[in-house]
Number of protein chains: 2
Amino acid sequence: MQSPDRVHLPTSVGYLLKEAASALRSAMEAVLRPLGMNVTHYSCLELLAQRPGLSNSELARGAFVTRQSMNVLLVALERDGLVSRAEHASSGRALPTELTPKGRRQLATASAAVWAVEVRMTASFSDAERAGLGDLLSRAVSSLRAEDPAA
Amino acid sequence: MQSPDRVHLPTSVGYLLKEAASALRSAMEAVLRPLGMNVTHYSCLELLAQRPGLSNSELARGAFVTRQSMNVLLVALERDGLVSRAEHASSGRALPTELTPKGRRQLATASAAVWAVEVRMTASFSDAERAGLGDLLSRAVSSLRAEDPAA
DNA sequence: TGACTCATGTCAACATTCTGACATAGAGTC
DNA sequence: GACTCTATGTCAGAATGTTGACATGAGTCA
């Protein structure tokens, strides 16, 4: 098939993974832009809806960015009245964050749009294929993190 | 399972896709950093090795960045003597680019390292699963691009 | 108690990438 | 030829994200 220590791009799982993630990101940004949001913006709100009280660092990990990046986003979201952060930590240094009603409303619109993108992406899949893709991706993540402390 | 117009993060194919791509990128950067390269840098060299004479715009599409970004990278790669660009276009405006021997040497090391990462990522997969993942990802990309002109 | 480790929030400087814009070159159409 | 359309290379500005660093708070252990 191919030489054993070399990457063949068109059939490389890594390349296809990158391509799929890129296409998904583009599609998401296309539907989020008219709503005045970007992917990280939406991800932050979605995380907060499903797990209220998350701290800046936890949100950063969930959205796959650094806590510094998430922090500048949170400052903007708080300024726009979409989230509210605790003044001071009840324990440790983590400042729990929560959605405001305004944030919840904005998220509702965005979440529906993003869901439609996900549906379109997996439109040709059977239920078994959809579940299989999720399983394979999960295992790939586990394998990557197994021997590598980074990330 | 879940409400029909809402995303449930831990089981969302989109979220898992983003997570896997993030983990792969981290792993690749971890092995490329000691070599003085990053992912886009490597991608550019790999593309040129497999398809010599690619133009700036074609490289950008292959590496999933804008042509502006690829251009600044190409300028740096040419300055470092890793690639050579044609002085003027033989047809149109596209300037074909090729690897120099130095670029080929650097790529050889990087390609082996990246290949090892891909092997690790799919270590627990059977051959059928590896091929299946590639097939599912390809179909997901097709579906995303089908109705959406962006990307 | 004190030292150590770890996670967090935050500041600063830097790197990377993108958006917007413009001029140029070829293909197709009238 | 003149027009339109598309693709390309390039410039400038801005947004976004990262690395590096530091201080703080909590837990662990001698």
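Just so it is clear, the values below take in all heavy atoms, side chains as well, and ignore hydrogens, waters and symmetry mates. The chains referred to below are lettered A, B, ... by the order of the sequence lines, with proteins before strands, and numbering in each begins at 1.
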Taking only the side-chain heavy atoms of [X] (C-beta and beyond), determine which of [options] contains the nearest atom.
X	options	answer
Thr66(A)	dT18(D), dG9(C), dT8(D)	dT18(D)
Arg67(B)	dT17(C), dG9(D), dT8(C)	dG9(D)
Ser69(B)	dC18(C), dG9(C), dG9(D)	dC18(C)

In whole Å, I'd like the distance from the [atom1] atom of [X] to the [atom2] atom of [N].
X	N	atom1	atom2	result
Asn38(A)	dT19(C)	CG	P	11 Å
His41(B)	dA15(C)	NE2	P	16 Å
Phe64(A)	dT18(D)	CZ	P	12 Å
Met70(B)	dA7(D)	CE	C1'	17 Å
Leu32(B)	dT18(D)	CG	P	17 Å

Indicate whether OP1 or OP2 belonging to dT8(C) is found under 4.0 Å from a side-chain N or O atom of Arg85(A). no

Distance test, side-chain N/O of Arg25(A) to OP1/OP2 of dC18(C), below 4.0 Å: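 No.
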
Does Leu95(B) reach a base, just sugar-phosphate, or nothing at all? Heavy atoms under 4.0 Å. sugar-phosphate

Surrounding CZ of Arg85(A) (heavy atoms of other residues, nucleotides or ligands, distance under 6.0 Å), is the total greater than 12?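 It does: Arg85(A) CZ has more than 12 such atoms within range.
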
Looking at Gln68(A) and dG20(D), is any side-chain donor or acceptor paired with a base atom of the opposite kind under 3.5 Å?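 A donor-acceptor contact between them is present.
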
Once hydrogens and angles are ignored, does a donor-acceptor distance under 3.5 Å link the base of dA23(D) to the side chain of Arg93(A)?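 Indeed, a donor on one side and an acceptor on the other fall under 3.5 Å apart.
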
Please tell me whether His41(B) and Gln106(B) have a donor and an acceptor in their side chains that are separated by less than 3.5 angstrom. yes

Any carboxylate oxygen within less than 4.0 angstrom of a Lys/Arg side-chain nitrogen, looking at Arg145(B) and Glu19(A)?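 Yes, Arg145(B) and Glu19(A) are salt-bridged.
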
Output yes when Arg139(A) and Glu129(B) qualify as a salt bridge under the 4.0 Å nitrogen-oxygen rule, no when they do not. yes

By nearest nucleotide on DNA chain D, pick out whichever of Ser91(A) and Asn71(B) is the more 5' one. Asn71(B)

